[in-house]
K.L.:
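Here it is, the structure in full.
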Number of protein chains: 2
Amino acid sequence: MLPETTLADVARAAGVSVSTASRALAGAAVVATATRERVRRAAVELGYEPNLAARQLVTGQGQAIALVLPDIANPFYAGVAKGMQQRVRAEGLTAVFADTDEDPRTERSVLAQMAPVAARLVLASPRLDDDAIREVAARARVVLVNREADGLPAVTGDNADGVRQALVHLHALGHRRVGYAGGPATSWSDAARRRGLAAAPPGLEVVDLGAFRPGAGGGVQAADLALAAGVTAVLAFNDQLALGVLGRLADRGVAVPDRLSVVGFDDIPVARLLAPSLTSVAVPAGELGRTAVELLLDGERPEPGLRTLPVELQVRRSTGEPAR
Amino acid sequence: MLPETTLADVARAAGVSVSTASRALAGAAVVATATRERVRRAAVELGYEPNLAARQLVTGQGQAIALVLPDIANPFYAGVAKGMQQRVRAEGLTAVFADTDEDPRTERSVLAQMAPVAARLVLASPRLDDDAIREVAARARVVLVNREADGLPAVTGDNADGVRQALVHLHALGHRRVGYAGGPATSWSDAARRRGLAAAPPGLEVVDLGAFRPGAGGGVQAADLALAAGVTAVLAFNDQLALGVLGRLADRGVAVPDRLSVVGFDDIPVARLLAPSLTSVAVPAGELGRTAVELLLDGERPEPGLRTLPVELQVRRSTGEPAR
DNA sequence: CACCGCCATGCAAGCGTTTGCAGGCTGGGG
DNA sequence: CCCCAGCCTGCAAACGCTTGCATGGCGGTG
């Protein structure tokens, strides 16, 4: 255990009292500029690192930044976690995370548990209702990822535009009847993506295949429904679902894209690696995480409002012209 | 902000002093059993939650449990993270994590950053050298995942047995010449898996295809080398690599498993969903995470030694009889 | 019956920081 | 030249907990 240098050491080195040192480092306007500089230099020289536990004890606010997400095993959220964590670490802070297993009750208990340790959190939990979220936001700084709640800052991919890009692509290939395999009804991003469906190019009919659990199992069901519905292409709520669709189609011997085209959403890393590779709307997951942290970092409560990051359709082998 | 109940409240309710209350809750043998019970009851009734910041301030040890892993976007490590986090949360603690991007230097700086916040950590970083690890272990309780260092507790899947199972399976199918697409030379688990190669069934020749970066890019190279080497099956260091192999084979129009069988390692969730689905050695990632935390939880420094969890080959479509 | 010793408890210090409040110094105006 | 105002700075308390040390009371033994 090295002899950690404390604020007292810095103060002594700078020839001021501990309180002045504290204020100087906090950037309080009340300290004279010369003094502040002196203290800052001393702090750097001594390699001073504030003791976060002590700070938390008096302020009552944890310094860590928390990430609450529904499922870290979902590569999309893993991407968000990665970006978030990189930014947090660059700031010298630590990232704590909690996986809620897609369960709203767990989400609530997790939030309670996070309260003492982190006063800033990134919520990427699509299931929690608005009231619960606002309750949390009253005690901590919150940035939402992939959902919206008014009065709170949020970061998301441009869902509607992603859907639009996908539909335009399919329409251009000649598809006229496309199925949408939706995500859970409670999911904000599913709602957002559905809004994009309204902007379908003229002449393109979109068939709602229903709401599915965002895992491979859901995709299996969706595949069968798609075939029954007589569509020539399927747009899936996310890549996990699309993977299930592809798997089921392979099992049933349905050729992709010859008989049915498939488009995913999120563009998780494996999408490129499948055979056939999956056409998917790339959402910058890492960027979402980084941006969320960014909003949490600067100054006071971040301004409410939705930051929409651009998404980009990645065309691959799973889409092609429809069979005549 | 609710009026948090403090240790002083508990002490008052139980009619003892703060110090006694502290000792009672800590389970110190020195307090009379009756007193301890009284204090405990009072704590439960009042819903007392210790202020971790205060505790950390005096003990100098963080209460969180940290997970250091090379890449959270790798589904295998995501699984470890998930299991680890579940167990940690069940204990009422928080999990902090850091992604080192497979970079040994980042690994070191991350460890330094973790020191003040967590006195117990799970290290799933295959790259760090033994000395660096032991240095960390001197200041904190450490459990390793998927690697070994003597004097330290470790949890890992049964790598050698997994390789053995895979080879036996391939041999049974009729393969006589199998390529091994290895992971990075610095990876402990690659070394462990290579040891399993020695136990190849008699009559089965194993060709070392080399060391590859454990991503899809590595798999592409490995696929071409496998074809050049004239093997009838490839065993990949992990599923990511196997995915790359499958993708490249599909591109080159090589039929799987008819012309070449492919076996992965880890059994990440997508393995089931591929077409063809990937035969893979299932390593219980979540279980590894949970077990590691378990070791960290009970009592004192966990006993050194390697806990080996069983693995199980999942036979799927990517393996079949070799072409004659 | 008296003394000693030990066990259970309480007292108080201290962990490193923030922050309300008091006080000193400087400079300008009367 | 003196006084006052204002700007900086320092003092000290407080955050909730752990822990070394002192103390009180009890039982056992001579």
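Just so it is clear: chains get the letters A, B, ... in the order the sequence lines come, proteins before strands, and each one is counted from 1.
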K.L.:
Ring pair (Phe, Tyr, Trp, His ring centres under 6.0 Å) with A:Phe97: which residues, sequence neighbours excluded?
P.N.:
B:Phe97
K.L.:
A:Thr59: what forms a side-chain hydrogen bond (donor to acceptor under 3.5 Å, both in side chains) with it, not counting sequence neighbours?
P.N.:
none
K.L.:
At under 4.0 Å between heavy atoms, what does B:Thr6 touch on the DNA or RNA strands: base, sugar-phosphate, or nothing?
P.N.:
sugar-phosphate
K.L.:
Kindly list each side-chain donor-acceptor pair under 3.5 angstrom involving residues 41-51 of chain B, sequence neighbours excluded, with atom names and distances?
P.N.:
{"from": "B:Asn51", "atom 1": "OD1", "to": "B:Ala53", "atom 2": "N", "distance (Å)": "2.9"}
{"from": "B:Asn51", "atom 1": "OD1", "to": "B:Ala54", "atom 2": "N", "distance (Å)": "3.0"}

K.L.:
With sequence neighbours excluded, tell me which residues meet salt bridge (Lys or Arg N to Asp or Glu O under 4.0 Å) with B:Glu287.
P.N.:
B:Arg290
K.L.:
So which atom in B:Val283 and which in B:Gly157 form the shortest heavy-atom distance, rounded to 0.1 Å?
P.N.:
CG1-CA, 4.3 Å
K.L.:
So which heavy atom on A:Asp99 is nearest to which on A:Pro70, and how close?
P.N.:
OD1-O, 3.3 Å
K.L.:
Using the salt bridge (Lys or Arg N to Asp or Glu O under 4.0 Å) criterion, which residues pair with A:Asp130? Sequence neighbours excluded.
P.N.:
A:Arg147
K.L.:
Report the residues that fulfil salt bridge (Lys or Arg N to Asp or Glu O under 4.0 Å) with B:Asp71, sequence neighbours left out, ordered by chain and then residue number.
P.N.:
A:Lys82
K.L.:
How far does the helix from C:dC1-D:dG30 to C:dG30-D:dC1 bend, going by the axes of its first and last five pairs, to the nearest 10°?
P.N.:
60°
K.L.:
Indicate yes or no for a side-chain donor-acceptor contact from B:Arg38 to the backbone of B:Ala14 under 3.5 Å, with no hydrogens or angles considered.
P.N.:
yes
K.L.:
Give me the first and last nucleotide of DNA chain D, going 5' to 3', that has any atom under 4.0 Å from a heavy atom of chain B.
P.N.:
D:dG16 to D:dG20
K.L.:
For A:Glu91 versus A:Arg87, what's the shortest heavy-atom pair and its separation?
P.N.:
OE1-NH1, 2.8 Å
K.L.:
Please figure out whether A:Leu57 or A:Arg38 has its closest DNA chain D nucleotide nearer the 5' end.
P.N.:
A:Arg38
K.L.:
Should B:Val39 and B:Val10 count as side-chain neighbours, where that means a heavy-atom distance under 4.5 Å?
P.N.:
yes
K.L.:
Between residues 40-55 of chain B and DNA chain C, which residues have a heavy-atom gap below 4.0 Å?
P.N.:
none
K.L.:
Can you list everything that forms a side-chain contact (heavy atoms from CB on, under 4.5 Å) with B:Pro116? Sequence neighbours excluded, please.
P.N.:
none
K.L.:
Could I get the full list of side-chain contact (heavy atoms from CB on, under 4.5 Å) partners for A:Asp131, not counting sequence neighbours?
P.N.:
A:Asp129, A:Arg134
K.L.:
Give the first and the last nucleotide of DNA chain C, reading 5' to 3', that has any atom under 4.0 Å from a heavy atom of chain A.
P.N.:
C:dG16 to C:dG20
